[in-house]
Novice: 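Next up is a structure, given as structure tokens.
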Protein chains: 2
Amino acid sequence: MPQIVGLLGERIRNLRKENNITIEEIAFKAEIDAQNLRKYELGKQEMKVGMLKRIATAFSITTSELLNFDILKENEE
Amino acid sequence: MPQIVGLLGERIRNLRKENNITIEEIAFKAEIDAQNLRKYELGKQEMKVGMLKRIATAFSITTSELLNFDILKENEE
DNA sequence: ATATAACAGGTTGTTTATAACCTTTTATTC
DNA sequence: GAATAAAAGGTTATAAACAACCTGTTATAT
């Protein structure tokens, strides 16, 4: 599982906690399955970009902002 | 196919043209299949976020920058 | 201590991404 | 016009995303 999957999961969970909402609630807003959203947060399932967009929209942010944790690494392995 | 797939495809193609490289070349750098990259550019296949990261890295940018075309829409249908 | 809410772990059928193959078409170079 | 490069269109076996189901665990409220 690519590293970015876990980092994105943490980002989504942090956003959710900051907004004081449950997995069920944000999954409903994003019109996605709550069980899958849980797996995304835990880094246990990789999502497609369509899902990325829906989750970002549910948080009222862009996909770019949702991925703002991403950085360029020197000397990529 | 979600709208963002087509927009992302255009973004990738524009980046590639700006850098004056072929589909084969950037696919090699990203360590992905050239045929699949072509489909992404044409908006004919939806990619996972792991692929997004690899493509962004191949262009020496972050995934956030790769998705900077994304905007928040008012009154989402 | 009990009940409920929220979260976590696991599974399954269907659809689709991925790696990889091939042929055809278009663009570029000479 | 011919040869080559680049792009486009199509296909397939395998793995995994997705929707959805279920049971178990932890946190919270009373």
Side-chain angles (χ1 to χ4, degrees), chain A residues 1-64 66-67 69-70 76-77, chain B residues 1-64 66-67 69-70 76-77:
Chain A
M1 195 73 86
Q3 186 187 34
I4 190 170
V5 170
L7 296 173
L8 176 57
E10 287 174 18
R11 170 76 166 132
I12 293 173
R13 173 151 294 193
N14 289 343
L15 271 171
R16 185 169 63 79
K17 299 289 190 150
E18 281 164 26
N19 285 273
N20 283 313
I21 53 185
T22 66
I23 290 179
E24 288 284 333
E25 286 170 333
I26 195 67
F28 181 79
K29 281 191 71 177
E31 290 181 62
I32 70 178
D33 187 71
Q35 323 281 350
N36 288 335
L37 180 55
R38 179 172 300 116
K39 289 173 184 169
Y40 300 147
E41 285 196 2
L42 294 170
K44 295 190 172 183
Q45 186 164 290
E46 186 174 355
M47 73 181 81
K48 300 180 197 168
V49 300
M51 282 298 174
L52 189 74
K53 176 62 182 173
R54 282 156 84 180
I55 291 170
T57 302
F59 282 113
S60 299
I61 61 176
T62 64
T63 51
S64 182
L66 185 54
L67 286 164
F69 62 87
D70 191 31
E76 197 83 28
E77 166 45 45
Chain B
M1 193 75 84
Q3 186 186 34
I4 189 171
V5 170
L7 296 173
L8 176 56
E10 288 174 19
R11 169 76 166 135
I12 293 173
R13 174 151 293 194
N14 289 343
L15 272 172
R16 184 168 64 80
K17 300 290 190 144
E18 282 164 25
N19 284 271
N20 284 313
I21 53 187
T22 66
I23 288 178
E24 290 282 335
E25 287 170 333
I26 195 66
F28 180 79
K29 281 190 72 177
E31 289 181 63
I32 71 179
D33 187 70
Q35 324 281 349
N36 288 334
L37 180 55
R38 180 172 298 121
K39 289 172 187 169
Y40 301 147
E41 285 196 2
L42 295 170
K44 295 192 170 179
Q45 185 163 289
E46 185 174 356
M47 74 180 80
K48 299 182 200 167
V49 301
M51 281 298 172
L52 190 73
K53 175 63 181 173
R54 283 156 83 181
I55 292 171
T57 301
F59 281 114
S60 299
I61 60 176
T62 65
T63 51
S64 182
L66 185 54
L67 286 163
F69 63 88
D70 190 31
E76 198 83 27
E77 167 46 44

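Chain letters run A, B, ... following the sequence lines, proteins first, then strands; residues in each count from 1.
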Novice: Quick one: which of D/dA17, C/dA8, C/dA20 gets closest to the side chain of A/Gln45?
Specialist: D/dA17
Novice: Would you mind reading off the distance between A/Arg38 atom CZ and D/dT23 atom P, rounded to a whole angstrom?
Specialist: 15 Å
Novice: Closest heavy-atom contact between B/Val49 and A/Glu46?
Specialist: N-OE2, 3.8 Å
Novice: Can you tell me how far P of D/dA16 sits from CE of A/Met1, to the nearest Å?
Specialist: 9 Å
Novice: For B/Glu46, which contact category applies under a 4.0 Å heavy-atom criterion: base, sugar-phosphate, or nothing?
Specialist: sugar-phosphate
Novice: Looking only at side-chain atoms of B/Tyr40, point me to the closest of C/dT18, C/dA19, C/dA20.
Specialist: C/dT18
Novice: Once you round it to whole Å, what is the distance between P of D/dC21 and CG of A/Asn36?
Specialist: 12 Å
Novice: Expressed in angstrom and rounded to an integer, what is the separation of B/Ile26 atom CD1 from D/dA6 atom C1'?
Specialist: 15 Å
Novice: For A/Arg13 and B/Met47, take the nucleotide of DNA chain C holding the closest heavy atom to each; which residue's nucleotide lies nearer the 5' end?
Specialist: A/Arg13
Novice: Please state how far atom CZ in A/Phe28 lies from atom C1' in D/dA19, giving the value in whole angstrom units.
Specialist: 16 Å
Novice: When the nearest nucleotide of DNA chain C is assigned to B/Lys39 and to B/Lys44 on a heavy-atom basis, which residue is associated with the more 5' position?
Specialist: B/Lys44
Novice: Could you tell me if the side chain of A/Leu42 sits less than 4.5 Å from the side chain of A/Arg13, heavy atoms only?
Specialist: yes
Novice: Compare the minimum distances between each of D/dA6, D/dA8, D/dC18 and the side chain of B/Thr22, then state the nucleotide with the smallest one.
Specialist: D/dA6
Novice: Closest heavy-atom contact between A/Leu67 and B/Ser64?
Specialist: O-CB, 3.6 Å
Novice: Does any N or O in the side chain of A/Arg38 come within less than 3.5 Å of the main-chain N or O of A/Ile23, such that one atom is a donor and the other an acceptor?
Specialist: no
Novice: From the list C/dT16, C/dA19, C/dT18, which nucleotide is the closest neighbour of the side chain of A/Lys48?
Specialist: C/dT16
Novice: Is there a side-chain contact between B/Arg54 and the phosphate of C/dT18, meaning an N or O under 4.0 Å from OP1 or OP2?
Specialist: no
Novice: Should B/Met47 and B/Ile55 count as side-chain neighbours, where that means a heavy-atom distance under 4.5 Å?
Specialist: yes
Novice: To the nearest angstrom, how far is B/Ile23 atom CD1 from C/dT26 atom C1'?
Specialist: 13 Å
Novice: Without decimals, in angstroms, what is the distance between B/Leu42 CG and D/dA6 P?
Specialist: 17 Å
Novice: Please state how far atom CE in B/Met51 lies from atom P in D/dA16, giving the value in whole angstrom units.
Specialist: 12 Å
